[in-house]
Protein chains: 2
Amino acid sequence: MTQGFKKEIVRHIFRNLLDIMVLKLVRADPMWGYKMIKIVEEKYGIKLRHGALYPLLNNLERKGFLRSKKETKRGRVRKIYEITSKGIQLMDAYNEFLREQI
Amino acid sequence: MTQGFKKEIVRHIFRNLLDIMVLKLVRADPMWGYKMIKIVEEKYGIKLRHGALYPLLNNLERKGFLRSKKETKRGRVRKIYEITSKGIQLMDAYNEFLREQI
DNA sequence: CGTAAAATGTCCGAAACGTGACATATATGA
DNA sequence: TCATATATGTCACGTTTCGGACATTTTACG
């Protein structure tokens with residue numbers, strides 16, 4: 001019954017609430033952009049385009065919801081993002097509102 | 001604390017999840033577009049533009065999530081929308097997914 | 001050595017989208 | 001009668017957004 005909409009719902013959410021989903025991912029576990037793409041692909045079957053994700057990440061950092069530090073692991077330079085207290089406040093308020101509404 | 005984000009969150013949701021919010025309104029109480037505008041304005045302080053709302057409503061009907069019937073009340077022709085079973089299924093699946101995720 | 005994967009970045013053209021204007025019809029109250 | 005409120009619709013224009021391409025660096029593997 002409900003599973004018929006699953007795919008379009010997941011698509012809808014990653015189209016419209018990508019910023020929220022990114023904050024959620026980073027909050028659960030600090031990580032870098034490339035890893036998000038892999039996780040989202042295997043968990044949800046959605047291919048995030050890095051051409052959209054990286055500018056979004058930089059944007060979220062500029063607005064103070066995320067902070068990043070560069071980490072070099074086996075020669076690979078990664079930008080590890082973690083959520084800021086401002087980001088946590090935003091998410092909590094967002095979740096609260098969604099729960100009330102839905 | 002969290003109230004600082006309230007306004008931008010409400011804006012964010014009505015920007016990105018307007019279709020979901022419309023389905024929610026109609027599900028709770030069948031109504032016409034103009035009334036939605038009034039309700040959203042007084043409940044959330046958001047001004048929905050009818051130039052965006054009416055095409056959306058027609059779209060949701062075309063996709064089978066809403067159905068409408070014309071009603072004339074004191075000379076005013078209203079298009080009363082009610083949610084279809086398909087619309088209910090979509091909302092239930094959507095809410096379920098959101099709850100899992102958030 | 002050459003290819004694929006990891007990792008991030010920018011940018012252009014296309015598509016999607018919202019805003020505000022134009023349009024129409026009736027009712028109400030001053 | 002005139003303005004305002006109710007009620008819905010379309011459309012052009014500008015903006016925002018998005019996909020795919022271009023670009024670069026290093027590692028891993030055959």
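Per chain, numbering begins at 1; letters A, B, ... match sequence-line order.
Side-chain nitrogen and oxygen atoms of A:Tyr54 include at least one within less than 4.0 Å of the OP1 or OP2 phosphate oxygen of C:dT8. Between A:Lys79 and C:dG9 there is a side-chain polar atom (N or O) within less than 4.0 angstrom of OP1 or OP2. The phosphate of D:dA7 has OP1 or OP2 within less than 4.0 Å of a side-chain N or O from B:Arg78.
Closest of all the heavy-atom pairs between B:Met21 and B:Tyr44 is CE-OH, 4.1 Å. Annotation for B:Asp92 and B:Arg27: closest pair OD1-NH1, 3.0 Å, computed over non-hydrogen atoms. Nearest approach of B:Asn16 to A:His12, heavy atoms of both residues: O-CE1, 4.1 Å. Closest approach of A:Gly33 to A:Tyr54, counting heavy atoms only: CA-CE2, 3.9 Å.
Heavy-atom distances to DNA chain D give each of B:Ile80 and A:Lys73 a nearest nucleotide, and the one nearer the 5′ end belongs to B:Ile80. Nucleotides of DNA chain D nearest to A:Gly75 and B:Lys70 differ in position, and the one nearer the 5' end is that of B:Lys70.
Of the residues in residues 33-45 of chain B, those with a non-hydrogen atom less than 4.0 angstrom from any atom of DNA chain D are B:Gly33, B:Tyr34, B:Lys38.
In this structure, A:Asp19 does not pair ionically with A:Lys24, as no charged nitrogen and carboxylate oxygen lie closer than 4.0 Å.
What separates CG of A:Asn16 from C1' of D:dT16 is a distance of 13 Å, to the nearest Å. Remark: P of D:dT25 and CD of A:Glu71 are 22 Å apart, rounded to the nearest angstrom. For the pair A:Leu53 CG and D:dT17 P, the interatomic distance rounds to 15 Å; values are reported in whole Å.
When the nucleotides C:dG9, D:dG9, C:dA7 are ranked by their closest atom to the side chain of B:Tyr81, D:dG9 comes out on top. Ranking D:dT26, D:dT8, C:dG9 by closeness to the A:Arg76 side chain, first place goes to D:dT26.
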Nucleotides 16-22 of chain C: which of its N/O atoms have a protein N/O under 3.5 Å away?
from, atom 1, to, atom 2, distance (Å)
C:dG20, OP2, B:Arg49, NH1, 2.6

